[in-house]
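The structure appears right after this line, and notes come after that.
Sequence lines set the chain letters: A, B, ... in the order given, protein chains first and strands last, and positions in each chain run from 1.
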Amino acid sequence: MSELAKTYDPSTLEKKWYEEWLQRRYFHGEAAAPKAPFSIVIPPPNVTGSLHMGHALGRTIEDIFTRWKRMAAFNAMWLPGTDHAGIATQLVVERDLKATDKKSRHDLGREKFIERIWTWREKYGGRILEQLKLLGCSVDWDRTRFTMEPAYSKAVVECFVRLFEEGLIYRDTRLINWCVSCRTALSDLEVDHDEGAQGELYEFAYQMTDGSGEVVVATTRPETMLGDTAVAVHPDDPRHQAKIGKLLVHPFTARTFPVIADAILVDPKFGTGAVKVTPSHDPNDFDTGKRHKLEFISILDQTGVVNEAGGPFAGMDRFAARKAVKAKLKELGFERGSKPHVHAVGHCQRCAAVVEPLISTQWFVKMEPLAKPAIEAVEQGKTKFVPETWSKTYMHWMTNIRDWCISRQLWWGHRIPAWYCGNCQAVTVARTTPGACSKCASADLRQDEDVLDTWFSSWLWPFATLGWPEPARELKTFYPTTLLVTGYDILFFWVARMMMAGLHFMKKVPFRTVYLHTIVTDDKGEKMSKVKGNTIDPVDVIEKHGADSLRFALAWLTTMASQGKNIKFSLSNVEDARRFCNKIWNAARFVLMNLDGYDPNRFADRTAEGPDSASFDLPERWILSRVQRATETVNNALDEYRVSDAAQAVYHFIWDEVCDWYIELAKGRLADKESPDRWKVQGALVTALETAMRLLHPFMPFITEELWQQLPKTASASQSIMITLYPIPDLRFIDDASESSMALVQKVITTIRTLRTERKVPSSVRSRVILNVSDDYKKTILAGYQALVAEQGRCREVLVRRGGEAPPDPAVIGMAGDIEVVLLLEEVADTADENAKLEKERSKVLSDRDHLKKKLDNPQFAERAPAAVLEKDRARLGELEAALGRLDAALKRLK
RNA sequence: AGGCACGUAGCUCAGUGGAAGAGCACUACCUUGACACGGUAGGGGUCGGCGGUUCAAUCCCGCCCGUGCCUACCA
């Protein structure tokens, strides 16, 4: 038998096995395979990215399910890839360009700059994929995709053109979110609102042209008054009714504009009841402007600088203009005060600059028709959310969905396939560069300069990666995908939109189940960020402790995330997992050290018909039954996406049952090399460990492979644990009677140990113990296994008897349920101590007994409680009564 | 402002209409031939508060207090 290294060292073993698996092509899912498909598409990380804890968590969960299903004989396919990540990537490369060449992208020009991004991508774009290998991800590398590769780009264009032809994509001039720093339009989702920023509500007055007075208005953005074209009041507000229809004069531009009545915009209870209206720079005011056909005056340019419409303030940055406008209003005597005011300000998700609402011509997707089927699909259960609570959030967003601004004024991305005619101004949308205007046939065409929102390509990911729009075999086999695993932070950005695109283009949901995991934070619950310096780099963790430990730590922490709760991650979690690895390693060493003369084929033959044919002893019957329980628990937990429960079940099986009990029970019986039953113990050890390795493999692929390889196997065994069958419960080995017998034995042993500890009996001393039992059943079992009890309880003699003879003096007693465990001592025990201990135990038993008795005496209970509960409680009452009797007798003896 | 959650052992979190759980931390003892990255035993919780439903509530319902998250155009 091969010798296992004395200590567990993940570093070499992990590299070795990943290479091996790759070489044997175990990760590849064949579209033509006759097995039931199980497919996952990876949430494509940004090409610029490197692995962070969030990725590590998501990919670990995906790998657990992929490996589990692969072993469960599914045609498992997990597709990897990366996202071109428009703004993010452009910003990264721009920064790099600035740092290395001291140039801006404009210095380079569009073409050269895009070339540079591609070069950059060649160099660094594979980094995060390489890191997935370190994690042990069993992704199908043959199918790696990138959202900017030609085939994928073709899918994006196809999608745009079809939606345009269906009237679901349109171009319009409206108020959009504009980032003055990135100089692009943003969708509503790309604007972050910081909660409760302390701001100022500034009040000033507009004068009426007829000299009849003034109207006081309030604003958080005073500079927008440069674009005011009305003041609105509520039609029913008595304070303002007389002013409706009158004209106001703008203090800086001398423009005049009316006081209008608008019940939608104005809440008469707020402020002065008069609202300044800036149709070009506020969403509500925009609508108001449309309703009242007001003048639309844009006062800011694309860089956030006041334009010529701002009169004397032209050329000033928006924030400088704010100060200047206030100063001037004060100077003119129109300032009317200011109050602190809490309100949310929109920031660009990428660069954090304050976003401005601006009027601009952009491309939009009409969302309502797309959302409807996506809502129905979830209602009908075609796609399920895990945890289920997320479906509510999804529904809420979907039912209140607004049109999606998809054009971006960037260079890096899919260019919008629309051409404008220089002759007739008509728009031609086409799959390939058109030769002539679709309307006037002019050849004077100019393609739209803009690119598409990154998410406009990502929302096609589940099917564009499988060959769409071509009728690929892959689509047929792997679409709809089985499972999507991602963070809840991109539920709307990505998940909801994939639902819409998938249903629209494929007529089927893109995935059956969406597993939304939480955000990984540091151990204090703070979001990990480089700025704060509290990040934990998964690659560092892997180097130090191994991928198995990192994966297991994450799996252990992955409970059903309720909303607003995060995974508080700390290195100590990894250290705990590593201790577990070490424990497994050493358990395997023990097993391997004791396999001399063991023949796996013989064991297989002798147990082929189930456990009875081998006439196992209690410990073997017990552990083989517990193997089945663990198998059942793990499979059930995974079926229900309870990753943590599954991981903990394997952990407890290995540590508490295999190591703490079975190995201890095996030791003595392995010592006798001549024993004819030795092979049974060896076989049970190998079976328990081998099954445990397979159960654990999806969580810890490397160590399980390494140890599994070392175990003796029958001739027909697979080459790798990866391609063995995942354990399924074998009911023939489930043995309730042995489990309860063993539980009794364990309880008695534990009680003996407790007594020894309490009395400070040195471990070298072999005690004598008497077990007073109340029924023959227990007597038979304990008498049958008194050798076992003696060994584990360090006793030289264990006497089991039915009766209540007083134990010899000196002795101490303890209760194992209703069994009186009498530990005989070498010298007289401290009676006071013993008395106090027994009194304490008695009072506990007594209160339990009284409580239970009262409950059982209640006729209502007997009448309404289910029979099983009744029976259980009656049995328990019997045990409590018996225990009480023994305790009373013991106390009496002490007196 | 609305919506969604959460409050269980010192910490991080499971859990269930029918005797309160795990990991870590803590205490005592133990170098026993797999493992001190270990073992054995132990302490520790009126399951946020108040009411209600029920034979039975940590679990279901209502209110209150506290916390987190998401969505939102209140000037």
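OP1 or OP2 of rC4(B) has not a single side-chain nitrogen or oxygen of H396(A) nearer than 4.0 Å. A close approach under 4.0 Å does occur between a side-chain nitrogen or oxygen of H343(A) and OP1 or OP2 of rA75(B). Taking side-chain N and O atoms only, K760(A) has no distance below 4.0 Å to OP1 or OP2 of rA28(B). Proximity of S763(A) to the phosphate of rU32(B): no side-chain N or O atom is located under 4.0 Å from OP1 or OP2.
In this structure, R756(A) reaches neither bases nor backbone, as no heavy-atom distance under 4.0 Å exists between it and the strands shown. Within the nucleic acid shown, H851(A) has no heavy atom closer than 4.0 Å to any nucleic acid atom. Within 4.0 Å of F492(A), counting heavy atoms only, lie sugar-phosphate atoms of the nucleic acid but no base atom. P357(A) comes within 4.0 angstrom of no nucleic acid atom, judged by non-hydrogen atoms across all strands. At the heavy-atom level, D282(A) lies nowhere under 4.0 Å from the strands shown. Using a 4.0 Å heavy-atom cutoff across all strands shown, N594(A) reaches no nucleic acid atom at all. Counting non-hydrogen atoms under 4.0 angstrom, D645(A) reaches the backbone sugars and phosphates but no base. At a threshold of 4.0 angstrom between heavy atoms, the contacts of K844(A) with the nucleic acid are absent. At the heavy-atom level, W556(A) lies under 4.0 Å from the strands shown only through sugar-phosphate atoms. The residue I663(A) sits close to a base: some heavy atom pair falls under 4.0 Å.
Salt-bridge check for K568(A) with E526(A): failed, with every basic side-chain N at 4.0 Å or more from each acidic carboxylate O. Under 4.0 Å is where a charged nitrogen must lie from a carboxylate oxygen, and between D873(A) and K853(A) no such pair does. Checked for salt-bridge contact, D848(A) and K844(A) meet the test: a charged N lies under 4.0 Å from a carboxylate O. Using a 4.0 Å cut-off between a side-chain N of Lys or Arg and a carboxylate O of Asp or Glu, D188(A) and R402(A) qualify as a salt bridge.
In this structure, the CD1 atom of I703(A) is 12 Å from the C1' atom of rC35(B), given to the nearest Å. The NZ-P distance, from K290(A) to rC73(B), rounds to 19 Å in whole Å. Rounded to an integer number of Å, the gap from E640(A) CD to rG15(B) C1' is 14 Å. For the pair K568(A) NZ and rA14(B) C1', the interatomic distance rounds to 14 Å; values are reported in whole Å. Distance D188(A) CG to rC70(B) P: 17 Å, rounded to the nearest Å. With rounding to whole Å, D596(A) atom CG is found 13 Å from rA34(B) atom P. rU53(B) atom P lies 14 Å from atom CD of Q860(A), rounded to whole Å. Between M560(A) atom CE and rG15(B) atom C1' there is a gap of 13 Å when expressed in whole angstrom units.
Look at the C1' atom in both rG39(B) and rG49(B): the space between them is 43 Å, to the nearest Å. rA22(B) and rC73(B) have their C1' atoms separated by 48 Å, with the value rounded to a whole Å. Annotation: rU46(B) and rA57(B) have their C1' atoms spaced 14 Å apart (nearest Å). Comparing the P positions of rG51(B) and rG45(B) gives a spacing of 23 Å, expressed to the nearest Å. When the P atom is used for both rU8(B) and rC47(B), the distance is 11 Å, rounded to whole Å. Taking atom P in both rC60(B) and rC6(B), one finds a spacing of 9 Å when rounded to whole Å. Across rC74(B) and rC65(B), the matching C1' atoms stand 29 Å from one another, rounded to whole Å. Spacing of P atoms, rA9(B) relative to rG48(B), comes out at 8 Å, to the nearest Å.
For the pair R753(A) and W661(A), the cation-pi criterion (under 6.0 Å, within 45° of the ring axis) is fulfilled. In this structure, R551(A) forms no cation-pi arrangement with W556(A), as its terminal cationic atom is not both closer than 6.0 Å to the ring centre and no more than 45° off the ring axis.
Side-chain atoms of T278(A) do not come within 3.5 Å of backbone N or O of S280(A) as any donor-acceptor pair. For N177(A) (side chain) and P357(A) (main-chain N/O), no donor-acceptor pair under 3.5 Å exists by modelled atom type.
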Under a cut-off of 3.5 Å for both distances of each Watson-Crick or G-U pair, what dot-bracket string does RNA chain B give, using [ ] for crossing pairs and | for inter-strand pairs? (((((((..((((....[..)))).(((((.......))))).....(((((..]....))))))))))))....

Under-3.5 Å N/O pairs linking protein and nucleotides 5-9 of chain B:
residue	atom	partner	partner atom	Å
rA5(B)	OP1	K392(A)	NZ	2.6
rA5(B)	O2'	Q563(A)	N	3.4
rA5(B)	O2'	Q563(A)	O	3.3

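Residue order along RNA chain B, read from the 5' end via each residue's closest nucleotide, puts I567(A) first among I567(A) and V275(A). Between K872(A) and A274(A), the residue anchored nearer the 5' end of RNA chain B, judged by the nucleotide with its closest heavy atom, is K872(A).
Sorted by first and then second residue, the salt bridge (charged side-chain N to carboxylate O under 4.0 Å, His left out) pairs with a member in residues 336-346 of chain A read E203(A)-K339(A), E214(A)-R336(A); sequence neighbours excluded. Residue pairs satisfying the salt bridge (charged side-chain N to carboxylate O under 4.0 Å, His left out) criterion with at least one member in residues 577-588 of chain A, sequence neighbours excluded, are listed as follows: D576(A)-R579(A).
The aromatic rings of F552(A) and Y651(A) lie parallel to each other, their planes meeting at an angle below 30°, with 60° marking the opposite boundary.
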Contact letters for nucleotides 38-43 of chain B, in which S counts primed atoms plus P, OP1 and OP2 and B counts the base, heavy atoms under 4.0 Å: SSSSS-

Check the pair M560(A) / R642(A) against side chain to side chain contact (heavy atoms under 4.5 Å, CB included), numbers first and verdict last. CA-CA 7 Å; M560(A) 281 294 179; R642(A) 290 182 286 112; 4.1 Å; yes

Determine whether W390(A) and F385(A) satisfy the following criterion, ring-ring contact (aromatic ring centres under 6.0 Å, His included), listing intermediate values before the conclusion. CA-CA 6 Å; W390(A) 286 108; F385(A) 285 93; 8.4 Å; no

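Between the OG1 atom in T219(A) and the CE atom in M225(A) there is a gap of 9.5 Å [rounded to 0.5 Å]. Taken from CG in D282(A) to CZ in R221(A), the straight-line distance is 5.5 Å, to the nearest 0.5 Å.
Taking the centre of each ring, F492(A) and Y394(A) stay at or above the 6.0 Å mark. Aromatic pair F334(A)/Y206(A): ring centres not closer than 6.0 Å.
Contacts of residues 259-270 of chain A with RNA chain B (heavy atom under 4.0 Å): L265(A), V266(A), D267(A), F270(A).
Listed nucleotides: rC37(B), rA75(B), rC35(B). Nearest to the side chain of K667(A): rC35(B).
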